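Ligands are counted one by one from 1 in listed order, and the atoms in each one are counted from 1 as well. Just so it is clear, the structure is predicted and the values come from calculations on it, not from any experiment. Numbers for residues simply follow the sequence, beginning at 1.
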Amino acid sequence: MKITLILLAVVFCSATATGQKFDKLALTPPMGWNSWNKFGCDVNEALIRETADAMVASRMKDAGYQYVVIDDCWHGARDNLGFIQPDPTRFPSGMKALADYVHSKGLKFGIYSDAGAKTCGGRPGSRGREYQDALTYAQWGVDYLKYDWCNTDGLKAEGAYATMRDALFASGRPIVFSLCEWGNNKPWEWAKNVGHLWRTTGDIYNCFDCVKDHGTWKSWGVLQILDMQKDLRTHAGPDHWNDPDMMEVGNGMSANEDRAHFSLWAMLAAPLMTGNDLRKMSKETQAILTNEAVIAVNQDPLGIQGLKYATRENLEIWFKPMQGGDWAVCFLNRGDKPQRVEFDWRNEPVKDDFAKRELNAKGGAYEILDLWTKNKSGTTNESFKTTVPARDVVVLRLQAKR
Ligand code: GLA
């Protein structure tokens, strides 16, 4: 009896240590929509259905957006067997019906929980109920789980997230696992085999360059989050992405700031989770979010996160190696005045030691395509001259000779 118990313990422990996630669910950064940035706790089934409709009608789906994710506050109470129920007034038809609806549009359905006793919004968390919840999500037809980190006193992040990873795997349904512990426990060092993406920072705030102080915590503007991505790029790649948080495009920043925000998330190979009201977005917002050439930078199959090559006054110059020997280049003007650029490709030693790639402008010209104006802008045989407007970007694709 004793030996059997010891054997069982050994088998159980080794299974936990070697547990696995569902592979290959996010070979390129996930793209979709999440309710939180715009709607906070104000979620209901009509909003989710209408958002799924709008994702199709606005051609977002055609551009690659796929996941419709309900963030915090969808929860009701647990039933007397402990199974979580959706809030019956907000989701009267239940989650299975909602998932079926989203699937009927050719989209995927995502949901939110928390590793602690309660979510950040005070709803029931999954602590101690991980396997039960994972099974419930699988039965509902969930394809994506965002898993938060509020109210986790006494828990260790690596273990808590591994438990939910194992629970999801045991449910048998492939579910993308999105870790959200705000970078506190350096998930980039341990989460490659736990989840498909992990937040690297605290929450984004809807501004380009500011910090919002909430007293006990802060949220961060686009540039602040960008700066926090320093040194993280070597940890990301296909099926395991750094997540600098969901986007605020269309939530009130100016069009140039939104364009810069979107381009930078593309350069960072970040998950492209939109956070605006898709039912009511302006043509301008829609054009930004569906720029397929910029999306192609984000979705490049090599999955290499971009690197900051240089800072020159208010200008930052980012490079991202892409398949076929191409490069994406982003000139970011962080400042409040237009900035003149003159960039001689042949005299710039652009080298990516991590990806083992080098820009070879001396060995042969790359054709230059401007991904926002769609203009052809010559080749790398001549200096590139442009002016980047305040708080804006110029994004290029350098096309290698095929
Ligand atoms: C945390 C997360 C946010 C959002 C809220 C919901 O702050 O970081 O992205 O999910 O919780 O309460």
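When atom types are taken as modelled, the side chain of Asn206 and the backbone of Asn251 share a donor-acceptor pair closer than 3.5 angstrom.
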Please list every donor-acceptor pair under 3.5 Å in which a side-chain atom of residues 115-123 meets a protein atom from a residue at least two apart or in another chain.
unit_1 : atom_1 : unit_2 : atom_2 : d
Thr119 : OG1    : Asp72  : OD1    : 2.9
Thr119 : OG1    : Asp72  : OD2    : 3.3
Thr119 : OG1    : Gly121 : N      : 3.2
Thr119 : OG1    : Gly122 : N      : 3.2
Thr119 : OG1    : Arg123 : N      : 3.0
Arg123 : NH1    : Gly121 : O      : 2.8

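For a heavy-atom separation below 4.0 Å, the residues in contact with ligand 1 are Trp36, Asp71, Asp72, Tyr112, Cys120, Gly121, Lys146, Asp148, Cys180, Trp182, Arg199, Asp203, Met246.
Between the side chains of Thr200 and Gln229, at least one donor N or O sits under 3.5 Å from an acceptor N or O.
Test Asp336, Asn333, Asn256 against Arg391 for side chain to side chain donor-acceptor pair (under 3.5 Å) and you get one pass: Asp336.
Sorted by first then second residue, the side chain to side chain donor-acceptor pair (under 3.5 Å) pairs that include residues 183-197, not counting sequence neighbours, are Glu181-Asn185. Within the structure, disulfide bond (SG atoms under 2.5 Å apart) contacts touching residues 319-402 (residues at least two apart or in different chains) do not occur.
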